[in-house]
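All values reported here derive from a predicted model rather than from experimental measurement. Excluded from the calculations below are hydrogen atoms, water molecules and symmetry mates; all remaining heavy atoms, backbone and side chain alike, are included. Whatever order the structure lists ligands and atoms in, that order sets their numbers, starting from 1.
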Amino acid sequence: MQAAIMGYGTIGSGVAEVLEENREQIVKKVGEGIELKYILDIRDSIPEHNDILIHDFSLIENDPEIELVIETMGGIHPAYEYIMRLLEKGKHVVTSNKAVVDACGSKLIRTASEHQCNFYFEASVGGGIPVIRTIYHNYAGEKLTEITGILNGTTNYILTKMRESGAGFAETLREAQKLGYAEQDPSSDIDGFDTSRKTAILLSMASGNRCRHEDIYTEGIRDVSDIDIAYARKLSRNIRLLGSVQAVEEKYFAYVAPVLIARADPLYMVDGVFNGIRIVGNCLGTTMLYGMGAGKLPTASAVVSDIIAAARHKSHFQGIGWSEKMIEIEPMGSNAFRYLIRVEGMPDGMEQDIREYFLEDGSSWEPVLLDGRTDEFGIMTDVMFESDFHENRQEFEEKTGRRIFHFLRALG
Ligand code: HSE
C-alpha cells in the first residue's frame, strides 16, 4: 500500500521510524507492506528522505497510487482542508491531530462514510494508549457512564514534581521547560486546553454525538500552589488535572480542573508524564487504561495501529466516531464534588459556622493544620453541587468575616 506523511515533525518522523522498525510484523499483519511514497513538509531538506520530500500537496491528492495519508501536521488549517480533499478522493486518512478531530471530526467522519474510506484518530487522545478503539470496539455493548482521565503528561509531570520537591508552580514549570518536558509556550498544557480538546473527543466517542470543547468548563493548574500540595500530602491525596465526562439519563456533564484524588482511586498512582483513563460502564464496572500519553514513539505506535486498521478495512468505511448531532453539556454548577477549603485563621470557634455551610449533620469535624502555619486551616466539605458551594462560600465569608483563600475540588 502506498502512503504519504504530511508533516515530518516529532510524530511524523516517529511514524516513519515505527514503519521501518516493525516492517516485517506489519507485512505479516496486513498482508502487504506500507510504502512511503511522499513526505510533505515545509523544510527544504530532510537528509534521510530527500528523495521523497515534496512541498506540493496536490501531488499527494492527485496521485491515484496513494491510498493512505498520515496527517501529523497539527493545527486546524490547512490540515482540515487537506484531509477533507483526500477523503473526497476516497483516500484513507489517519491523524494524531486532536485540534482537527475536536473541531471538525464529525464532518470528516461523514465525508469518509460518503466516500467509503476511513478516518482514524487513535493518537489524538492518550498518545500510545488505545482509548478510542477500546471505546468503539471493546465497549461497544456498554452504556458508558463516566470517563475520567489524566490526559496531559506535561501537567502531570509538573504536579508530580511539585509533590516530590515541595517547590512552587512557577519554579517547577521553569525546571520542566529546561528539561524539555514543557513547551516554551506552555499555555495549551497548563491552562487545560489540551485536556479540554481530548475530553471533548472522549465525550463525543462516549455519547456518539458531537460536542464543543469550548462548552467544557476548563481550569488549568496555574493556581495550584505548594501550600495546596502540602494539604494534599496531609490528606494522603494527589492533585491531578482531570478531564471528566459523565452521562446520566441523556444528560452530559463534563469538566477539566485540578482535583484532589484519594488513594483508592486508580488514577492516584498515575505519576510523571504518564496518562491514565478510568472508564465506567453500566455492566463493565470500572476499568483503567494506563501508559504513555505523549512522546514520539508511543504516539507514532498509535498512528501505526490506525494505518494497519486502514489497510485491513481498505474497501469499506468503518464508522469509528460520532454523528453530527450536537449535545448540550450541563453547566459546571451542576457537577458535584467535595471541596478542600483553605480558611483564614485558626479553627477554634469555627465549627458551627463551617457545619452550617459545608458539612452535613453527623459529619466529623476534622480541621487540617499545616506544620508551622497559623494563618489558615483546611476543611474537607461534604459532597455539594458546585453552584451551592459557591453560594455557601460567599455567604460564609460575609457572615464570619473569614476569607476562604483557595479551594480545590476533591473526588472520593
Ligand atoms: N502536550 C501534550 C501532553 C502532548 O503533555 O500530554 C500530547 O497531546
Hits for ring-ring contact (aromatic ring centres under 6.0 Å, His included) against Tyr157, two or more places apart or cross-chain, chain-then-number order -> Tyr181
Under 4.0 Å from ligand 1, residues with heavy atoms, in chain and number order, are Lys98, Asn152, Gly153, Thr154, Asp189, Asp194, Lys198, Gly293, Ala294
Sorted by chain and number, sequence neighbours left out, side-chain contact (heavy atoms from CB on, under 4.5 Å) with Asn275 holds for Ile129
Sorted by chain and residue number, the ring-ring contact (aromatic ring centres under 6.0 Å, His included) partners of His77 (sequence neighbours excluded) come out as none
Steps toward side-chain hydrogen bond (donor to acceptor under 3.5 Å, both in side chains) verdict (Tyr217, Asn335)
CA-CA 11 Å; Tyr217 173 87; Asn335 286 287; over 6 Å; no
Exercise for review: Say whether His390 and Gln394, considering side chains only, have a donor N or O and an acceptor N or O under 3.5 Å apart.
Suggested key: no
*Strictly by modelled atom types, are Asp194 and Ser188 linked by a side-chain donor-acceptor pair under 3.5 Å?*
no
